[in-house]
Number of protein chains: 2
Amino acid sequence: MAKFKLDEVDHQILDMLIENTRTPFTDIAKKLLISAGTVHVRVKKMEDAGIIRGSSLTLDYVKLGYSFIAYVGIFLEKTHQTKFVLERLNQIPYITVAHITTGKFNIFCKIRAKDTKHAKDIIFKIDDIDGVSRTETMISLEESINDKRRLMHTIFNDL
Amino acid sequence: MAKFKLDEVDHQILDMLIENTRTPFTDIAKKLLISAGTVHVRVKKMEDAGIIRGSSLTLDYVKLGYSFIAYVGIFLEKTHQTKFVLERLNQIPYITVAHITTGKFNIFCKIRAKDTKHAKDIIFKIDDIDGVSRTETMISLEESINDKRRLMHTIFNDL
DNA sequence: GGTGAAACTTCTAATAA
DNA sequence: TTATTAGAAGTTTCACC
């Protein structure tokens, strides 16, 4: 997949939308000294190109009662069971991210749970999947960094 | 922080907005058989309560030339250096997430890079931080699961 | 490529129920 | 709490640069 060429105006538009998806195009236009129509056309172009894949809300999971985050490394008995295990993991909604990895673990996932007890249930469920030989859990005490915007700024200055 | 009580209508509103932040309130209203004004009031209430913290774009990082994802576990020489090391990590924009963890590692982070060489540079930079004794890298071969919506559905049915 | 204006859609706040 | 309403604001298209 090749890089896509975005100019400075595109960067600025993305930057404002990353901050708040509902920023009115008229506001963006005013700030960038272009017309709202241009903002619209450029956003559409980036959507069509697949650069912008969508938008999503950032919710406060703690306020929703889900304050527990852990990472779970999974060791498989045999590598070819990866697909099967991933299908099973996909049925556990508390697993929000999973990667097939090289290195220590075969699969690596992130879970979000209500509390320690709930997390234990989830981890036991993972352990119980056929093909999983064992797991190793890292409990998050604090999410100290969570910032896509810094990366985007850097990417923009890079291209 | 206590749980917040959301009713079925709130869930449906969130569900549609999680899917696409720019879904017009009039569309949501039509689907839920309520008025757009009500949607507006409820969203505002959830924003004020801090349940909705914001909104963000989902970008295609691969198309932007950043197709490399890795997780890096960090071992510190001494636990009390955590704060210092996190400050240093925070200066590396390619680190998108970092957690203080219990378990194997002291700090655990996620990096997004252009390619293997770029990732190596980032990891060396982490290794060079004072207080870091060593790191362990897990390279993502494939991001197989990345789904907040399933969790939200479950949370909604839970509350 | 971009603009500006028209036509259309959506938002928002006040009022009323 | 919710609905209605109406004016303000935002979006989108298009003829023309």
Side-chain angles (χ1 to χ4, degrees), chain A residues 1-60 63-65 149 152 155-159, chain B residues 1-60 63-65 149 152 155-159:
Chain A
M1 209 78 70
K3 271 201 216 180
F4 200 83
K5 56 279 153 265
L6 302 175
D7 66 13
E8 186 56 27
V9 174
D10 293 322
H11 298 168
Q12 302 268 18
I13 292 171
L14 284 181
D15 198 45
M16 292 186 77
L17 289 177
I18 284 171
E19 183 77 14
N20 173 10
T21 311
R22 285 186 100 98
T23 309
F25 291 180
T26 46
D27 286 6
I28 298 174
K30 236 172 279 169
K31 185 158 176 195
L32 304 185
L33 306 175
I34 55 180
S35 75
T38 301
V39 176
H40 176 244
V41 168
R42 282 185 179 249
V43 169
K44 191 146 188 0
K45 219 171 270 179
M46 290 189 280
E47 281 171 351
D48 291 345
I51 299 280
I52 296 176
R53 286 177 33 178
S55 61
S56 189
L57 289 186
T58 310
L59 299 181
D60 189 321
K63 288 213 170 93
L64 290 168
R149 287 191 69 226
M152 288 317 302
I155 289 181
F156 295 160
N157 293 325
D158 250 28
L159 295 177
Chain B
M1 209 76 69
K3 271 200 216 182
F4 199 83
K5 55 278 153 269
L6 302 175
D7 67 13
E8 185 56 26
V9 174
D10 292 323
H11 298 168
Q12 301 268 19
I13 292 171
L14 284 181
D15 199 45
M16 292 187 76
L17 289 176
I18 284 171
E19 183 76 14
N20 174 9
T21 310
R22 284 186 102 97
T23 309
F25 290 1
T26 45
D27 286 7
I28 297 174
K30 234 172 280 168
K31 184 157 175 195
L32 304 185
L33 305 174
I34 55 178
S35 75
T38 302
V39 176
H40 175 243
V41 168
R42 282 181 178 252
V43 169
K44 194 148 186 1
K45 220 170 271 180
M46 290 190 280
E47 282 171 351
D48 292 345
I51 299 278
I52 297 176
R53 288 177 32 176
S55 60
S56 188
L57 289 186
T58 310
L59 300 181
D60 189 322
K63 288 215 170 91
L64 290 167
R149 287 191 70 227
M152 290 317 301
I155 289 181
F156 295 160
N157 294 325
D158 249 29
L159 294 177

Checklist entry - What is the ring orientation for A/His40 with A/Phe25, classed by angle as parallel under 30°, tilted 30 to 60°, or perpendicular over 60°? => result tilted

Checklist outcome for this item: On a heavy-atom basis, the closest approach of A/His11 and A/Leu6 is NE2-O, 3.3 Å

Checklist entry - Would you say B/Val41 and B/Lys45 make side-chain contact, with heavy atoms under 4.5 Å? => result yes

Checklist entry - From the 5' end of DNA chain D to its 3' end, which nucleotides mark the outer limits of contact with chain A, defined by a 4.0 Å heavy-atom distance cut-off (strictly under)? => result D/dG10 to D/dT13

Item to check | Where A/Gly50 and B/Asp60 come nearest, the two heavy atoms and their spacing | outcome: O-CB, 3.1 Å

Checklist entry - Taking all atoms of both residues into account, what is the closest heavy-atom pair of A/Ser56 and B/Ile18, and its distance? => result OG-O, 3.4 Å

Item to check | Separation of atom CZ in A/Arg42 from atom C1' in C/dG2, rounded to whole Å | outcome: 9 Å

Checklist entry - If every non-hydrogen atom of B/Ala29 is compared with every non-hydrogen atom of B/Ala36, which pair is closest and at what distance? => result CB-N, 3.5 Å

Scan nucleotides 8-12 of chain C against the protein and return all N/O pairs shorter than 3.5 Å with their distances rounded to 0.1 Å.
from	atom 1	to	atom 2	distance (Å)
C/dC11	OP1	A/Arg22	NH2	2.9
C/dC11	OP1	B/Phe25	N	3.4
C/dC11	OP2	B/Phe25	N	2.8
C/dC11	OP2	B/Thr26	N	3.4

Checklist entry - Given atom NZ of A/Lys5 and atom C1' of C/dG1, what is their separation to the nearest angstrom? => result 14 Å

Checklist outcome for this item: By nearest-nucleotide position on DNA chain D, the 5'-leaning member of A/Val41 and B/Val41 is B/Val41

Checklist entry - Can we say A/Lys44 and A/Asp48 salt-bridge, meaning some charged N sits less than 4.0 Å from an Asp/Glu carboxylate O? => result yes

Next on the checklist: Under the rule for salt bridge (charged side-chain N to carboxylate O under 4.0 Å, His left out), what residues qualify as partners of A/Glu47, not counting sequence neighbours?
Outcome noted: none

